[in-house]
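See below for the structure under consideration.
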Amino acid sequence: MDAKSNAVFWQEKWERGETGFHEPQANPLLTRHIAALDLPAGARIFVPLCGMSQDMVWLAGQGFHVTGCELSDIAVHRFFNDLDLTPDIRDVGPLRCFSAGTIRIFAGNIFDLTPDLLGLMDGIYDRAALIALPEDLRRAYAAHLLSLTGPVPELLVTLDYDQSCLKGPPFSVDEAFLRECYGQAYAFTLLESRAVEGGLKGRCPASENVWRFSPLPPSS
Ligand SMILES: C[S@@+](CC[C@H](N)C(=O)[O-])C[C@H]1O[C@@H](n2cnc3c(N)ncnc32)[C@H](O)[C@@H]1O
């Protein structure tokens, strides 16, 4: 699937209300493991492909400055509406930046986001973002993310299962893939691995894995 078809796919999901990935509360894997990034209050956390995730609300509540990026305007409007917040909205090149308090979301395609627009980030939280993308786009996303933030600590939640069992999304991402895409910049620690209860979509045995990415020291 190319970038354009991927964008249409997700826009249509939001238009049809097919948002089974959305969780009404902060994800317990986030709340359990965010401390592993060792970020001080006030640190800037990037949440790529954020949807209308309540994880951003929780992170802001912990004292972090949160920046999301999301393709769908529907998701971004719903996120702020549900919080009863009226965000400030600015056009920034091909994107629009919505901000209220310590949360801002770039509405638009992450591939149009630049390091200048994003500004410096201290950490990344990726849940259902890397694994939302098909393989070719996933590789491009990993490279783009690195170019946006440089190697900053990251908490990543993946699913690992037999890809021949289900088409995806969510797609299976194993450690070999992480090493290939991110190995030049990061060391990886598996913080938690748990079986998906009842199997993924009730059909396929899968494990949900939580990774910490630690930036490698610059090579001399
Ligand atoms: C599986 S959802 C996960 C959303 C969120 N991370 C969560 O945990 O609820 C993937 C999200 O990525 C968004 N998305 C997909 N491709 C994108 C792109 N190129 N740029 C920005 N957002 C994108 C979709 O609209 C969708 O909201």
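Each ligand, and each atom within it, is numbered from 1 in the order the structure gives.
- You'll find the side chain of V173 reaches within 4.5 Å of the side chain of R138, heavy atoms only.
- Residue C50 touches ligand 1 through its backbone alone, judged by heavy-atom distances below 4.0 Å.
- Scanning all heavy atoms of the two residues, the minimum distance from P169 to I131 falls at CB-O, 4.4 Å.
- E192 has a carboxylate O that lies under 4.0 Å from a charged side-chain N of R32, or vice versa, which qualifies the two as a salt bridge.
- Aromatic ring centres of W14 and F21 lie closer together than 6.0 Å.
- When the heavy-atom distances from atom 18 (C) of ligand 1 to V76, N109, V47 are ranked, the shortest goes to N109.
- Nearest protein heavy-atom contact of atom 15 (C) of ligand 1 is W10 CD1, 3.4 Å.
- Protein heavy atom nearest atom 13 (C) of ligand 1, with residue, atom name and distance: E70 OE1, 3.3 Å.
- Residue-level proximity to ligand 1 for N6 is carried by the side chain, the only part with a heavy atom below 4.0 angstrom.
- Nearest-residue assignment for atom 2 (S) of ligand 1 (options W14, F21, Y141; heavy-atom criterion): F21.
- Near G108, meaning under 4.0 Å from one of its heavy atoms, ligand 1 places the atoms 20 (N), 21 (C).
- Among protein heavy atoms, the minimum distance from atom 8 (O) of ligand 1 is reached at R127 NH1, 2.6 Å.
- By heavy-atom distance, the residue among N27, L30, I110, L49 lying nearest atom 14 (N) of ligand 1 is L49.
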